[in-house]
Student: 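After the structure tokens below, expect a handful of questions from me.
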2 protein chains.
Amino acid sequence: MGDTGVNLAISTVIFALRPAPDGGAPTLWIPLVRRIRDPHLGLWALPGGPLLPEESLAEAAAHNLKSTTDVEPRYLEQLYAFGEPDRSPGDRVVSIVYWALVHSGEAEQLAEGENVRWFVADEVPRLAFDHNTIIEYALWRLRNKMEYSRIAHALLGETFTLTQLREVHEAVLGRPLDPANFRRQIESSGDVVATDQVVTGGRHRPPRLFRYIGSVDLGDTGPLSG
Amino acid sequence: MGDTGVNLAISTVIFALRPAPDGGAPTLWIPLVRRIRDPHLGLWALPGGPLLPEESLAEAAAHNLKSTTDVEPRYLEQLYAFGEPDRSPGDRVVSIVYWALVHSGEAEQLAEGENVRWFVADEVPRLAFDHNTIIEYALWRLRNKMEYSRIAHALLGETFTLTQLREVHEAVLGRPLDPANFRRQIESSGDVVATDQVVTGGRHRPPRLFRYIGSVDLGDTGPLSG
DNA sequence: ACAAAAGTGTTTTTCTTACACCCATGT
DNA sequence: ACATGGGTGTAAGAAAAACACTTTTGT
């Protein structure tokens, strides 16, 4: 038992918001790690690792995310199980892939080096295995989910202005949104509540800070614990 | 290599449309198989099996679906990977679960017996493992997907009347739909085209037959082959 | 005073829903 | 003729989009 000739691995696509390369508007970034063994030695790849016997799939994703890139996820959701027979040369690997959102703050903690580096989400180089496909799919899922759920929260701090929230949506969706209509949609959703604080310092009317209502859940638990 | 102490299995939730138990309107049914070994000997469970080294995940799902219940899927999509450490007593099993739609005709071919039986989708008994949770999630996904994709097709024959198509939607969603508005939505979607045939025999105006436009793809290939 | 972003109001358009009504067939 | 479901028309209501306008700050 236990040996079916198939290896099981867990990988994670991690998203964070950081300034664009030219210092401009916030953009989506992804950390990748360099392969230090064959196959695909030297190529960039998604962080990942094995599934330990005592941990759940989501725990495994959180662990290896922490150990390889040292960030804590604010949101974590299963993406897909990839298992084409030829996706890893000379070996049979089924990868259960998660995707995660981390805080802008966390994103800074990740020490870049020879073997870990941030990439703009839709400008990644050729990656090991089928990881380009996986990232494309994760991006599609993120953009989709952004339109009907409150995950944008996970990319921001505890409080935020509605302009910041809109910029997150714009960065993820890749298109500008009408500030007036966006404001109304968010306010009427009831997901968000105004604090009594404003942000001064900008050379214009100080924007109000908002916070999300309800529990700050770690992520989509999927079919479990409905 | 290959032995991580974790077993990998593939299971499938199969949906078909059949008359309600009282002979009434079409309803969703699911075939289940009886456990013939421990754990959970004697309980009903989802059909499933191991992943063979040469086959893809979807192929594995299609194979064991064919071998255990002898039906061919018209639609096949990955549902979720279930991997809680305690979901199988005394063993560590990760199940990659697919869901499938089969033709009403196919559904008849399945010979029921001591070890295979059809159940009304939302009236299944207590099942082995976490299979009740899995079926609930599959139902949720099916109902969701029905609202924005053309999967209803897979439960019908090549041609169909708009009333038949509406009845599929009603059976899956569990609520009545306005025939007039449903017709307009479908017709304006462009997914469907009228044939030059009508169905005679009913004691009323003969309804026109329609057919889906475009390729009758086997299913959602997921992230692959965008 | 002026620029710039925050925030409000109003109109237009588009999609959904409800429901009245006519059509074609078998009995 | 009439019952029955097929099929069309239309108007009310809700939601989304477009855009003009007012407010409050820093310089």
Student: Would you mind reading off the distance between B:Arg184 atom CZ and D:dG6 atom P, rounded to a whole angstrom?
Tutor: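 These atoms are roughly 15 Å apart.
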
Student: When the distance from CG of A:Leu177 to P of D:dA16 is rounded to whole Å, what number comes out?
Tutor: 13 Å

Student: Can you check the A:Ile186 CD1 to C:dG7 P distance for me, whole Å?
Tutor: 14 Å

Student: Just how far, in rounded Å, is C1' of C:dG7 from CG of A:Leu165?
Tutor: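 Result: 16 Å.
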
Student: Could you state the CD-C1' distance from A:Glu147 to D:dA16, rounded to the nearest angstrom?
Tutor: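 For the pair A:Glu147 CD and D:dA16 C1', the rounded distance is 13 Å.
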
Student: Quick one: on DNA chain C, does B:Asp178 or A:Asn181 contact a more 5' nucleotide (nearest heavy atom)?
Tutor: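 Nearest-nucleotide comparison on DNA chain C picks A:Asn181.
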
Student: When the distance from NE2 of A:His204 to P of C:dC2 is rounded to whole Å, what number comes out?
Tutor: 20 Å

Student: Round to a whole Å and report the spacing from CZ of A:Arg183 to C1' of D:dA18.
Tutor: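 Spelled out: CZ on A:Arg183 to C1' on D:dA18 is 17 Å.
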
Student: For the side chain of B:Arg203, starting at C-beta, report the closest nucleotide among D:dT27, C:dT27, D:dT24.
Tutor: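 From the listed options, C:dT27 comes nearest.
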
Student: Please determine if B:Asp122 and B:Arg143 form a salt bridge, counting it only when a charged side-chain N lies under 4.0 Å from a carboxylate O.
Tutor: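 Salt bridge present between B:Asp122 and B:Arg143.
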
Student: Classify the side-chain pair B:Ser189/B:Arg150 by whether it contains a donor and acceptor separated by less than 3.5 Å.
Tutor: no

Student: Measure from the side chain of B:Gln185, starting at C-beta and using heavy atoms only, and say which of D:dT25, C:dT17, D:dA17 lies closest.
Tutor: C:dT17

Student: Check the phosphate of C:dA6 against A:Thr163, side-chain N and O only, distance under 4.0 Å to OP1 or OP2. Yes or no?
Tutor: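 The answer is yes; a side-chain N or O of A:Thr163 sits under 4.0 Å from OP1 or OP2.
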
Student: Rounding to an integer number of Å, can you tell me how far B:Phe182 CZ sits from C:dA18 C1'?
Tutor: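 Taking atom C1' of C:dA18 as the reference, CZ of B:Phe182 is at 17 Å.
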
Student: Hey, are B:Arg184 and B:Asn181 close enough side-chain-wise for a donor-acceptor pair under 3.5 Å?
Tutor: yes

Student: If you assign A:Arg205 and A:Ala180 each to the DNA chain D nucleotide with the nearest heavy atom, which residue ends up on the more 5' nucleotide?
Tutor: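 Per heavy-atom nearest nucleotide, the more 5' residue is A:Ala180.
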
Student: Among B:Val71, B:Leu65, B:Ile14, find the one that has a side chain to side chain contact (heavy atoms under 4.5 Å, CB included) with B:Pro47.
Tutor: B:Ile14

